[in-house]
Amino acid sequence: MRMSDSTGALYLPGDPGFAEAVHGRIFNGRRPSDRSPAAVLYAATQDDVVAGVRLAAQRGWQVAVRSGGHSWAAWSVRSGSLLIDLGGLREMSYDPATGIATAAPAITGGDELNPYLSRFGRFFGGGHCPSVGLGGFLLQGGQGWNARGWGWAAEQVAALDIVTADGELVRADAENNTDLYWAARGSGPGFCGVVTRFHLRTRPLPGHLAHTVHIYPLARFDEVMTWLHGMHHTVPDSVEIVALTRTVPEYAEPVLLVTGLAFTDNPEQAAAALAPLHANPFASRALSRKESAPTTFAEQMQDQRLANPRGHRYFVDNCWLSGSAGDVVPAMRAAFTTLPTRDSFTIWFSMAPLRPLPDDMAFSLQSEIYCAAYVVSDDAARDAELRGWLGGAMAAMRPVTVGQYLGDSDFTVRRLPFLGDAQWGRLRRVTAERDPLGRFAGYLSSGPVTNSNE
Ligand SMILES: Cc1cc2nc3c(=O)[nH]c(=O)nc-3n(C[C@H](O)[C@H](O)[C@H](O)COP(=O)(O)OP(=O)(O)OC[C@H]3O[C@@H](n4cnc5c(N)ncnc54)[C@H](O)[C@@H]3O)c2cc1C
């Protein structure tokens with residue numbers, strides 16, 4: 001039905017289309033069965049969002065938000081909440097005078113924003129999988145293309161338009177509503193507002209992309225990863241470095257891929273930037289090698305689509321790792337060399353040398369190595385077993401784990417620190433002041449949300 005003062009469509013339990021409104025836009029095929037919203041509002045405009053927050057206040061509902069629907073744990077589905085789905089807000093713009101793009105939160109970085117920006121020779125580092133929505137991605141920090149060199153995507157948020165707990169539409173930036181500007185860049189699903197528009201600093205579209213891919217048998221895992229651990233900080237910051245184990249069509253068994261993707265302007269720059277990875281002393285033992293081969297964003301995004309097929313049952317967990325190779329590599333071994341299904345994969349993502357983070361954003365916890373394991377299955381009967389595998393792989397890394405990244409986390413399963421202590425304290429104060437009645441549903445967790453290991 002239509003809300004009286006709104007263009008949005010409101011679905012209540014029992015309405016035709018309610019189940020589709022709750023689950024239809026969730027990426028993960030493993031849908032939550034133990035929670036269901038009080039109602040769903042498909043917003044078509046910013047005014048609908050304002051009306052939705054005010055309606056929730058009248059009815060005594062909390063508010064949960066969905067942009068791209070990619071949170072692995074379906075954070076948008078919260079019992080007793082009005083789920084405001086922003087999928088109908090489709091606005092994008094670009095101002096050549098400032099280099100600033102605006103985008104509604106459900107706009108996807110790869111499928112929509114970057115194809116649009118490329119017409120102007122510009123680029124924004126959105127999520128690797130092209131279908132990830134900007135909303136959840138930017139709120140939790142945003143580990144976009146070449147985060148290692150270009151930083152967290154949230155650092156490029158110049159301003160946000162936000163509907164507050166009072167149902168007011170405000171602008172937050174470095175001068176106005178600075179508490180919201182700070183909190184919106186790192187608090188993720190704990191943010192106390194609905195973002196209706198992002199204002200994003202863009203960068204020039206790189207003129208030449210090239211990639212290096214060395215493929216090794218898993219038996220080489222320890223020696224190759226020990227070498228990579230000791231040298232990744234020496235690779236120029238125009239290169240995104242990812243090592244991963246997965247099954248690729250050419251080989252029957254899972255393999256270790258050591259990859260570098262150079263964002264440069266010409267083939268010579270790319271070859272120079274990737275050269276340190278070619279000096280791998282174990283390169284002659286690789287099953288195959290591709291070095292400094294030209295590639296495109298379209299090709300890279302297609303690889304991401306194939307690796308992350310929609311609608312399968314995903315279990316995901318992650319950790320920030322720190323320590324010597326002698327401690328870290330053996331701790332990672334199970335996560336990388338015992339993948340439980342053919343489509344599962346585990347990534348090692350370099351952030352070294354670590355860039356200092358600006359102090360005007362909540363995002364504040366990272367380390368040189370990000371590790372995330374993605375268990376992919378179609379068999380619900382294996383859920384408990386696969387969750388057990390993931391828990392075991394993460395437990396093995398616990399001695400060298402310093403925290404986690406919200407983007408691949410599920411607090412109903414495991415909670416680790418995800419912000420610095422000072423930032424966590426400040427976030428609690430901002431939330432208490434901006435949302436004293438707890439209008440926004442906040443973090444989904446099996447227990448009290450902390451920023452510690454308790
Ligand atoms: C296939 C795949 C690939 C991924 N790749 C990457 C990657 O490369 N880098 C990376 O950093 N992450 C990645 N992620 C993780 C992804 O960024 C997070 O799951 C993120 O939350 C998704 O954002 P969304 O808007 O699509 O999700 P949603 O499920 O729509 O949103 C997640 C939560 O964020 C909050 N939220 C979202 N929008 C708003 C808003 N407008 N206002 C207020 N709160 C809001 C809400 O609490 C919401 O429930 C990937 C996820 C998938 C499924």
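Along the sequence shown, the residues carry numbers beginning at 1. Here the structure is a predicted model, which is why all the values come from computation and not from measurement. As the structure lists them, so they are numbered: ligands from 1, and atoms in each ligand from 1. Keep in mind that the numbers below use all heavy atoms, side chains included, and drop hydrogens, waters and symmetry copies.
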Near ligand 1, at a heavy-atom separation below 4.0 Å: residues by chain and residue number: Phe27, Val65, Arg66, Ser67, Gly68, Gly69, His70, Ser71, Trp72, Trp75, Ser76, Leu86, Pro105, Gly127, His128, Cys129, Val132, Gly133, Gly135, Gly136, Phe137, Leu139, Gln140, Gly142, Gln143, Pro189, Gly193, Val194, Val195, Asn308, Tyr405, Gly407
Glu368/Arg148 ion pair, N-O < 4.0 Å: no
Under the side chain to side chain contact (heavy atoms under 4.5 Å, CB included) test, residues paired with Ser367 that sit two or more places apart: Trp320, Val402
Salt bridge (Lys or Arg N to Asp or Glu O under 4.0 Å) partners of Arg305, counting only residues at least two apart: Asp111
Side chain to side chain contact (heavy atoms under 4.5 Å, CB included) partners for Asp179, two or more places apart: Asn177, Val430, Arg434
Thr245 side chain to Leu256 backbone, donor-acceptor under 3.5 Å: no
No-hydrogen, no-angle side-chain donor-acceptor test under 3.5 Å, Gln423 and Trp182: no
